[in-house]
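First the structure, in the form of structure tokens, and then the observations on it.
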2 protein chains.
Amino acid sequence: MRRIFLRVAYDGTDFHGWQVQPEERSVEGELNKAIKELTGEDVEVIGASRTDSGVHGLGNVAVFDTESSIPAEKFMYAINTYLPEDVSVVESKEVASDFHPRHCDSIKTYEYRIYVSRVNDPLKRRTAYRCPVDLNVEKMDEAAGYLVGEHDFKSFCCVRTQAETTVRTLYSASVFHDDEDIVIRVTGAGFLYNMVRIIAGSLMEVGMGKREPSHIKEVLEGTDRTLAGPTAEACGLTLIGIEFPGLE
Amino acid sequence: MRRIFLRVAYDGTDFHGWQVQPEERSVEGELNKAIKELTGEDVEVIGASRTDSGVHGLGNVAVFDTESSIPAEKFMYAINTYLPEDVSVVESKEVASDFHPRHCDSIKTYEYRIYVSRVNDPLKRRTAYRCPVDLNVEKMDEAAGYLVGEHDFKSFCCVRTQAETTVRTLYSASVFHDDEDIVIRVTGAGFLYNMVRIIAGSLMEVGMGKREPSHIKEVLEGTDRTLAGPTAEACGLTLIGIEFPGLE
């Protein structure tokens, strides 16, 4: 029995999130089904990050165990044969049989993509959020700076969270132009439920001039969800990648 | 009665092209339907470019006549209210009642977008073509240079064409990197049926090393469709914009 590690990319628009749910289309469900068709084995992949409905992935991670003799590096091509167009395995390799992508240290990077326009852009609508008013990117970037480091992110967490602690560490948080788009990029060791989307909603309030950049510091210190901005729409969010420092 | 000019953007993936066809979903059909719902008038918009099934638009153009009193510049917002998410009016204005977007001089710009990967990228699949092998962009750009100017583009035209002449003028043709993508960009005064996709297919043959850049010159001079490369897939093509030099 070998444990196979997969990096997975997906357009989250037509998925009901990562996690298997009855009657709903999920990325995990498509992976389980494809591996079953390929190997004949009933597998339940273990995902690193259970992204929400509508959120995209460029480098989410899943592992599964198999008796198949397919070379680990070839699994990606074999599984892709059975996957729909909106999900794709972009890397496969063997890992230690006790490697669990949620029970080990990891560094995740997310991007929240925004375009400013008074009308819908059909070619961006699936992967970026349309903001109807101008945003001050410099102020948003200044505000993002307050989030870097170890903090209690309770204000930036969905109140329904089941997390034992709301303390998390962000290694970086920045806001920049990417051609005509505005990108919020955050890297950290674990994120709370809806945390990046609440950060995005709060930084957009700063960008619109509704709040000063230093307001973000007050929100952090207040540890109260009602102080932060709204949860930004899922379509703008992409899990860019996950690093596992302990993995070779 | 006023003639209203619209710039129209669309994700062509789920359309059976621009032109109205019975039983099929078309961009033109969605525009006619939206305007009917808005004004109550039975209109048939006149399009500048009848893009194929799967081809995208950022700035295609359509005109229609109306008795409505909606200010010309506000039509875009009003029509968008009735349009599906994959098509959007990005500009509206009044033009002379005899302006016809196909019966006047125009300059069109197309881009053909390619990503090189051995696996499908779910976030690019709708708007870029996946090439499984490396492409030499410098050689493609050199080859594209032979296309600039007035030429008989018969070799780069679908044999089913109804065009009276296959002579066309390209003002520019270049191939360049855009982040990880490769973009073929052509600007010209009118294009033959499938011309940009046959140019893209031929330039990719050069990029793969199957042909030398100078081969493109021989293809042009041979005026024979069988000399050129294959018609590249529709998904990579976007009509970027159309200029009308005679329009204010």
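Convention: sequence-line order gives letters A, B, ...; per-chain numbering from 1.
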Atom [atom1] in [X], atom [atom2] in [Y]: separation rounded to 0.5 Å?
X      : Y      : atom1 : atom2 : value
A:N120 : B:L83  : CG    : CG    : 9.0 Å
B:T127 : A:K124 : OG1   : NZ    : 11.5 Å
B:T13  : A:L123 : OG1   : CG    : 8.0 Å

Please classify the contact between [X] and chain B as side chain, backbone, both or neither, with a heavy-atom cut-off of under 4.5 Å.
X      : answer
A:S117 : neither
A:V90  : both
A:N80  : side chain

Handout entry: Distance-minimising heavy-atom pair for B:R125 and A:D11
Key =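 Heavy atoms of B:R125 and A:D11 come nearest at NH1-OD2, 3.3 Å.
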Problem - Over all atoms of both residues, closest heavy-atom pair of B:P122 and A:A9 - result: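 Shortest heavy-atom separation between B:P122 and A:A9 comes out as CG-O, 3.3 Å.
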When you look at [atom1] of [X], are more than 12 heavy atoms from neighbouring residues, nucleotides or ligands closer to it than 6.0 Å?
X      : atom1 : value
B:Q21  : CD    : yes
A:E24  : CD    : yes
B:R118 : CZ    : no
A:E91  : CD    : yes

Handout entry: Part of B:R126 within contact of chain A (heavy atom distance under 4.5 Å)
Key =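 Contact with chain A involves the side chain of B:R126 alone.
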Problem - Partners passing ring-ring contact (aromatic ring centres under 6.0 Å, His included) against B:F75 (at least two apart in sequence or in another chain) - result: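 Testing B:F75 for ring-ring contact (aromatic ring centres under 6.0 Å, His included), a comparison that skips the adjacent residues, returns B:F64.
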